[in-house]
A.B. asks: 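My questions all concern the structure below.
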Amino acid sequence: MRAGSLLHDIGVYRLYGASGKLDHTRYLQHGVLGYELLLEEGFPDEIRRFCSCHTGMGISRSDVREQGLPLPVADYMAESGEEKLVMYADKFHSKTTPPTFVSAVSYAAQVRRFGENKVVTFKAMCETFGVPDLAPFTTAYGYALV
Ligand SMILES: [Fe+2]
């Protein structure tokens, strides 16, 4: 859990160009890029999967095909309890400028654009893992709750 929490977004570093600018147009690929980076560094698959399987509510092979996503056609679905929890916890903050915390209601509304099945999956995870109380974090970090 700790390794997955710390490393799941490491692929974002591969989206920074020589000028130091983040290529937002390829952001969806950061999970796969992180998987590849950790492969090159010799990490085991169970750690690499935290990268490739944390995006949204998971990306299926049919999502890739039907939405024309810029990813190799494959399933990128959280499977283990640890993978699911890292993916779920990741939904409650945003790396926007300034950063924000994201309520369950807001995330459910955001993810709806990727299909009602993603909302159903998110709500099931809310039931499984519980909805976090973000108020202490907004106080501690000074980020807004959206
Ligand atoms: Fe991410």
Side-chain angles (χ1 to χ4, degrees), residues 1-41 43 45-60 63-64 66-72 74-146:
M1 283 300 307
R2 184 174 296 165
S5 299
L6 291 169
L7 295 171
H8 71 279
D9 269 342
I10 198 164
V12 174
Y13 288 105
R14 293 230 160 140
L15 294 173
Y16 283 92
S19 65
K21 289 207 170 198
L22 178 64
D23 181 358
H24 291 277
T25 65
R26 296 178 57 221
Y27 196 79
L28 185 67
Q29 299 171 354
H30 78 276
V32 170
L33 293 171
Y35 184 95
E36 292 169 0
L37 190 160
L38 294 184
L39 178 64
E40 292 164 17
E41 296 297 325
F43 281 77
D45 194 57
E46 70 178 322
I47 302 299
R48 299 192 307 257
R49 284 182 48 85
F50 283 109
C51 300
S52 57
C53 302
H54 81 276
T55 303
M57 281 291 103
I59 300 171
S60 70
D63 292 333
V64 174
E66 291 165 16
Q67 298 173 38
L69 302 177
L71 297 170
D75 286 314
Y76 304 97
M77 306 299 289
E79 292 175 0
S80 70
E82 290 84 357
E83 290 171 3
K84 289 177 181 175
L85 186 53
V86 167
M87 180 181 77
Y88 178 67
D90 191 44
K91 309 298 91 114
F92 294 97
H93 72 94
S94 171
K95 294 186 284 289
T96 53
T97 304
T100 59
F101 290 105
V102 179
S103 72
V105 170
S106 292
Y107 186 75
Q110 289 173 27
V111 80
R112 181 163 276 120
R113 71 180 186 271
F114 299 109
E116 195 61 30
N117 62 328
K118 303 300 184 187
V119 178
V120 170
T121 300
F122 179 67
K123 289 186 175 175
M125 295 187 99
C126 290
E127 289 291 320
T128 300
F129 295 116
V131 175
D133 177 10
L134 299 172
F137 298 103
T138 62
T139 302
Y141 293 96
Y143 301 161
L145 177 63
V146 297

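Just so you know, residue 1 is the first one in the sequence shown, and it goes up from there. Quick caveat: nothing in here was measured; it's all calculated off a predicted structure.
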A.B. asks: Would you indicate whether the side-chain heavy atoms of Ile59 and Leu28 approach each other to under 4.5 Å?
C.D. replies: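 Touching, per the 4.5 Å side-chain cut-off.
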A.B. asks: Between atom OH of Tyr27 and atom CG of Leu22, what is the distance when rounded to the nearest 0.5 Å?
C.D. replies: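 Between atom OH of Tyr27 and atom CG of Leu22 there are 7.0 Å.
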A.B. asks: With a 3.5 Å cut-off and sequence neighbours excluded, list the donor-acceptor pairs that the side chains of residues 130-141 form with protein atoms.
C.D. replies:
from   : atom 1 : to     : atom 2 : distance (Å)
Asp133 : OD1    : Ala135 : N      : 3.2
Thr138 : OG1    : Ala135 : O      : 2.8
Thr139 : OG1    : Ala135 : O      : 3.1

A.B. asks: Can you check whether Tyr16's main-chain N or O pairs, donor with acceptor, with Lys21's side chain at less than 3.5 Å?
C.D. replies: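 Not confirmed, Lys21 side chain does not pair with Tyr16 backbone.
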A.B. asks: By salt bridge (Lys or Arg N to Asp or Glu O under 4.0 Å), which residues pair with Arg14, not counting sequence neighbours?
C.D. replies: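 Salt bridge (Lys or Arg N to Asp or Glu O under 4.0 Å) list for Arg14, sorted by chain: Glu40.
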A.B. asks: Which residues pass the side-chain hydrogen bond (donor to acceptor under 3.5 Å, both in side chains) test with Glu83, sequence neighbours left out?
C.D. replies: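 side-chain hydrogen bond (donor to acceptor under 3.5 Å, both in side chains) check on Glu83 returns Arg49.
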A.B. asks: Side chains of Tyr76 and Val64: closer than 4.5 Å at any heavy-atom pair?
C.D. replies: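 Yes; the side chains approach each other to less than 4.5 Å.
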A.B. asks: Show which side-chain atoms of residues 5-13 pair as donor or acceptor with protein atoms under 3.5 Å away, not counting sequence neighbours.
C.D. replies:
from : atom 1 : to    : atom 2 : distance (Å)
Ser5 : OG     : Met1  : O      : 2.8
His8 : ND1    : Gly4  : O      : 3.2
His8 : ND1    : Ser5  : O      : 3.0
His8 : NE2    : Asp90 : OD1    : 3.2
Asp9 : OD1    : His30 : NE2    : 2.9
Asp9 : OD1    : His54 : NE2    : 3.0
Asp9 : OD2    : Lys95 : NZ     : 2.8

A.B. asks: Do the side chains of Leu38 and Cys51 get nearer than 4.5 Å, heavy atoms only?
C.D. replies: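 Cys51 reaches Leu38 side chain to side chain.
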A.B. asks: Who are the salt bridge (Lys or Arg N to Asp or Glu O under 4.0 Å) partners of Glu82, not counting sequence neighbours?
C.D. replies: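 Salt bridge (Lys or Arg N to Asp or Glu O under 4.0 Å) list for Glu82, sorted by chain: empty.
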A.B. asks: Look up atom CD in Gln29 and atom CG in Leu69, then write down how far apart they are to the nearest 0.5 Å.
C.D. replies: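 Here the interatomic distance stands at 10.0 Å.
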A.B. asks: With heavy-atom distances below 4.5 Å as the criterion, would you say the side chains of Phe122 and Lys91 are in contact?
C.D. replies: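 Touching, per the 4.5 Å side-chain cut-off.
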A.B. asks: Heavy-atom count check: over 12 atoms from other residues, nucleotides or ligands less than 6.0 Å from Gln67 CD?
C.D. replies: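 Yes, the 6.0 Å shell around CD holds more than 12 heavy atoms from other groups.
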A.B. asks: Test of understanding: with side-chain hydrogen bond (donor to acceptor under 3.5 Å, both in side chains), list the residues that count as partners of Glu66, not counting sequence neighbours.
C.D. replies: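 If we apply the side-chain hydrogen bond (donor to acceptor under 3.5 Å, both in side chains) test to Glu66, skipping adjacent residues, there are no hits.
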A.B. asks: Considering residues at least two apart in sequence or located in another chain, which fulfil the side-chain contact (heavy atoms from CB on, under 4.5 Å) criterion with Leu39?
C.D. replies: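 side-chain contact (heavy atoms from CB on, under 4.5 Å) list for Leu39, sorted by chain: Arg48.
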A.B. asks: Can you name the residues that form a side-chain hydrogen bond (donor to acceptor under 3.5 Å, both in side chains) with Thr25, not counting sequence neighbours?
C.D. replies: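 side-chain hydrogen bond (donor to acceptor under 3.5 Å, both in side chains) list for Thr25, sorted by chain: Asp23.
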A.B. asks: Apply side-chain contact (heavy atoms from CB on, under 4.5 Å) to the pair Val119 and Glu116, showing each step before the final yes or no.
C.D. replies: CA-CA 5 Å; Val119 178; Glu116 195 61 30; 4.0 Å; yes
A.B. asks: Going by side-chain contact (heavy atoms from CB on, under 4.5 Å), name the residues that satisfy it together with Glu41, two or more places apart in sequence or in a different chain.
C.D. replies: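 Partners of Glu41 by the side-chain contact (heavy atoms from CB on, under 4.5 Å) criterion, ordered by chain and then number, come out as Leu37, Phe43.
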A.B. asks: Going by the rule side-chain hydrogen bond (donor to acceptor under 3.5 Å, both in side chains), which residues pair with Thr128 if we only count those two or more places apart in sequence or in a different chain?
C.D. replies: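 Scan of Thr128 (side-chain hydrogen bond (donor to acceptor under 3.5 Å, both in side chains), adjacent residues dropped) gives none.
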A.B. asks: List in chain and number order the residues that pass side-chain contact (heavy atoms from CB on, under 4.5 Å) with Lys84, two or more places apart in sequence or in another chain; answer none if no residue qualifies.
C.D. replies: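 Per chain and number, Lys84 pairs via side-chain contact (heavy atoms from CB on, under 4.5 Å) with Ala78, Met125, Phe129.
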A.B. asks: Can you measure from CG (Leu71) to OG1 (Thr55) and round to the nearest 0.5 angstrom?
C.D. replies: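 Reported value, rounded in 0.5 Å steps: 8.0 Å.
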A.B. asks: Got a sec, which pairs hit side-chain hydrogen bond (donor to acceptor under 3.5 Å, both in side chains) with one end in residues 97-111, sequence neighbours left out?
C.D. replies: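 Passing the test, one end in residues 97-111: Ser103-Ser106.
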A.B. asks: I'd like to check Arg26 versus Leu33 (side-chain heavy atoms, cut-off strictly below 4.5 Å). Are they in contact?
C.D. replies: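 Counting from C-beta outward, Arg26 and Leu33 do come under 4.5 Å.
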A.B. asks: Answer yes or no: is there a side-chain heavy-atom contact under 4.5 Å between Met87 and Cys53?
C.D. replies: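 Sidechains of Cys53 and Met87: no contact.
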